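Here the structure is laid out as structure tokens; the discussion comes afterwards.
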Amino acid sequence: MEAVLQTRGLLSLPPHPTRVRCLLNPSQGLKHRLFASKPLGLNGLSLSYKRVPSVVAKPNGLSPKEKSFICKAEAAAAADGQPLFGETPTPKFLGIELVTLKKIIPLGLMFFCILFNYTILRDTKDVLVVTAKGSSAEIIPFLKTWVNLPMAVGFMLLYTKLANVLSKKDLFYTVILPFIAFFGAFGFLLYPLSNHIHPEALADKLLAVLGPRFLGPLAIMRIWSFCLFYVMAELWGSVVISVLFWGFANQITTVEEAKRFYPLFGLGANIALIFSGRTVKYFSNLRQNLGPGVDGWAISLKGMMSIVVLMGLAICFLYWWVNKFVPLPTRSKKKKEKPKMGTMESLKFLVSSKYIRDLATLVVAYGISINLVEVTWKSKLKAQFPSPNEYSSFMGDFSTATGIATFTMMLLSQFIFDKYGWGVAAGITPTVLLLSGVGFFSLILFGGPLGPTLAKFGMTPLLAAVYVGALQNIFSKSAKYSLFDPCKEMAYIPLDEDTKVKGKAAIDVVCNPLGKSGGALIQQFMILTFGSLANSTPYLGGILLVIVLAWLSAAKSLDTQFTELRREEELEKEMERAAVKIPVMSESGNGSLASGSAETS
């Protein structure tokens, strides 16, 4: 909308005259009159100010015939990405503004450190609970359902309380420092003392009384410190990655920066996957070179947990540096401020939002889908690699391959976002997971008849299932890291701060383990009903299809809502930029100083 001031001999200027290149021929004493504390008359001209709300695309010329000048707001140039009149262009490096690089580079380094730690913790937690004496892969569904989920819910409730009383900086340090302290204590205290603090004798007596069907629940009690490590490692993924890092990234970036750089964060992060996979592989092979009687796994844990602690401290330093030296972006001031709410009020508010429900559906659907395949794959993996050394070594190779695949997907992700948009990018992950999951379950169902053919390639049906399951996990996780996670985090940006903070806590901390626990409950029910995992495989495939279809439907609905919120936010920003003070000089009829008033139509 153009604001045209139809008064005689009237001149409109932006609020900062020093930034304006004068549109008129210089007249005697004009500069003095513009900057005088009290405007003075000059040939019947007077100076007045009027706030004119307008949204302007490009300046037009003057209209001498009608003796009017078209008023333009400084926001017009800013909206087009051009510097303001008289302002020097923003310094750039490789086509990117330096102020943007000051945000993006530290965020990329933070993501690198966080995922480096997560890869080490993820591989180590599986080795601890699956290969421990008196335990097996069957402990995982019980852990996710009866230990991990309650602790995640408890953390979400605590986090919601802390978010109401602590600043964002204090909240970040309050959450991350206990993780760093625990992992350091586990490597140097809890694991060396595990033989003394684990009630193995009591667990053996209970197992003899209750029978082998209670092996999973009793294993949780038997190796409780390992299970605590497992849960803390899972929470590192949900809390530090999803809530702390992405919440901080959403706070300091704009949507335009997010669309450009969020997919690229994963480039550095997946270099971390490659290097951390090699790190796990190195410490796994280190145990083979130690003498007899030496607990090589304890030495490996001390080395890996030392790295985790150092990386955690680096994360804290990067967070401090960004907060001290990087300015926050300008948000729309017209966002409705939400009042502080209690825990139950927060949950009711989040459940009442269709936008949040669709986001929750995406996260829960991913957790259920990946868990339906992953637990089955890990049981095959232990059967193929029963020793901790072999198991951990394979997981190191798996993490490296995941990093390479995700790195490649990251290179393609920006093209996908630019070419096809948010909706298509959000639909790729469920499609990949469905197709690869069908291949894995098909190999388990028809592995027997394929045995002679597989033998020609030097593989057994078990080894083939391990490799196909590994490929399924690699492709699914690479699609998640490169497309699903950036899509999910972009969806938070247009929300108001209260919904953003509490919505992320509810979705990322509760819905993520809820999805995994839901998949574990489905597997437990199927095994009890049909007698074995193999007998329930066709039904698990059908459930996987239903879950993925619900996932795709929620992604389509969220795409529509996200686009609408973006449009509203951009309109509000343009209205705020255009509401600027404009100095106005108008001709007085009797040649004396007059205070003019300009109205827009």
Side-chain angles (χ1 to χ4, degrees), residues 90-118 159 162-163 166-181 236-273 275-276 307-332 335 410 414 481 485-486 488-498 500-505 508-509 573:
T90 305
K92 293 184 178 181
F93 179 74
L94 298 177
I96 304 173
E97 294 182 357
L98 292 181
V99 66
T100 300
L101 288 177
K102 288 176 67 176
K103 291 188 287 187
I104 299 305
I105 293 177
L107 284 176
L109 292 174
M110 285 181 67
F111 206 32
F112 178 96
C113 295
I114 291 171
L115 277 189
F116 189 98
N117 277 0
Y118 181 58
Y159 182 86
L162 292 176
L166 296 178
S167 66
K168 290 182 179 180
K169 294 180 184 179
D170 292 339
L171 184 62
F172 185 93
Y173 294 122
T174 300
V175 171
I176 196 172
L177 289 177
F179 281 96
I180 298 173
W236 178 274
S238 299
V239 174
V240 180
I241 296 177
S242 297
V243 176
L244 296 186
F245 172 78
W246 284 115
F248 180 54
N250 293 342
Q251 176 190 351
I252 68 172
T253 56
T254 64
V255 173
E256 290 74 17
E257 291 170 339
K259 291 181 68 175
R260 186 177 182 185
F261 294 107
Y262 272 16
L264 299 182
F265 284 162
L267 293 179
N270 288 286
I271 294 174
L273 278 179
F275 281 101
S276 58
I307 294 175
V308 168
V309 170
L310 291 176
M311 286 291 187
L313 295 177
I315 293 166
C316 293
F317 170 77
L318 289 168
Y319 179 82
W320 169 84
W321 189 90
V322 172
N323 275 285
K324 185 172 181 63
F325 296 106
V326 178
L328 294 179
T330 302
R331 303 292 186 191
S332 173
K335 291 288 184 184
M410 289 288 181
Q414 188 171 358
Y481 295 145
D485 285 345
K488 176 168 64 73
E489 300 309 323
M490 286 181 194
Y492 287 110
I493 295 179
L495 300 176
D496 61 80
E497 288 300 319
D498 196 67
K500 191 182 299 182
V501 171
K502 295 180 180 178
K504 281 189 68 63
D508 294 334
V509 179
K573 286 182 179 179

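This structure is a prediction, so every number in the text was calculated from the model and none was measured. Heavy atoms only: backbone and side chains are in, while hydrogens, waters and symmetry mates are out.
Residues Trp321 and Leu318 are not in side-chain contact: their nearest non-hydrogen atoms beyond the backbone lie 4.5 Å or more apart. Contact of the Ile180 side chain with the Cys316 side chain is registered, since non-hydrogen atoms from C-beta on lie closer than 4.5 Å. Between Tyr319 and Phe245, the closest side-chain pair of non-hydrogen atoms is not below 4.5 Å. For the pair Ile252/Leu107, a side-chain contact is recorded, criterion being any heavy-atom separation below 4.5 Å from C-beta on. You'll find the side chain of Ser276 stays beyond 4.5 Å of the side chain of Leu115, heavy atoms only.
With values rounded to the nearest 0.5 angstrom, Ile114 atom CD1 is found 11.0 Å from Leu109 atom CG. Atom-to-atom distance recorded for Thr174:OG1 and Leu162:CG is 6.5 Å, nearest 0.5 angstrom. Note that the NZ atom of Lys168 and the CG atom of Asp170 stand 13.0 Å from one another [nearest 0.5 Å].
By the 6.0 Å contact criterion, OH on Tyr173 is enclosed, its count of non-hydrogen atoms from other residues, nucleotides or ligands being greater than 12.
For Ile307, the side chain to side chain contact (heavy atoms under 4.5 Å, CB included) criterion is met by Phe116, Ile120, Thr279, Phe283, Met311, not counting sequence neighbours. Under the salt bridge (charged side-chain N to carboxylate O under 4.0 Å, His left out) criterion, Lys102 pairs with no residue at all, not counting sequence neighbours. Residues that satisfy the side chain to side chain donor-acceptor pair (under 3.5 Å) test with Lys169, not counting sequence neighbours, are absent from this structure. The side chain to side chain contact (heavy atoms under 4.5 Å, CB included) search around Leu310 returns none, not counting sequence neighbours. Taking the ring pair (Phe, Tyr, Trp, His ring centres under 6.0 Å) definition, one finds that Phe317 meets it with Trp320, sequence neighbours left out. Looking at residues two or more places apart in sequence or on another chain, you find no side chain to side chain donor-acceptor pair (under 3.5 Å) involving Asn323.
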Going through the distances and angles, do Ile271 and Phe275 end up as a side chain to side chain contact (heavy atoms under 4.5 Å, CB included)? CA-CA 6 Å; Ile271 294 174; Phe275 281 101; 3.3 Å; yes

Before giving the answer on side chain to side chain contact (heavy atoms under 4.5 Å, CB included), spell out for Val239 and Tyr159 the whole-Å C-alpha distance, their side-chain angles and the decisive distance to 0.1 Å. CA-CA 10 Å; Val239 174; Tyr159 182 86; 5.9 Å; no

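For the pair Asn117 and Gly312, the tightest heavy-atom approach, listed with the atom from each and the gap, is ND2-N, 3.7 Å. Between Lys488 and Ser242, the closest heavy-atom pair is NZ-OG, 4.3 Å. Summarising the geometry of Cys113 relative to Ile315, their closest heavy-atom pair is CB-CG1, 3.6 Å, with the distance given to 0.1 Å.
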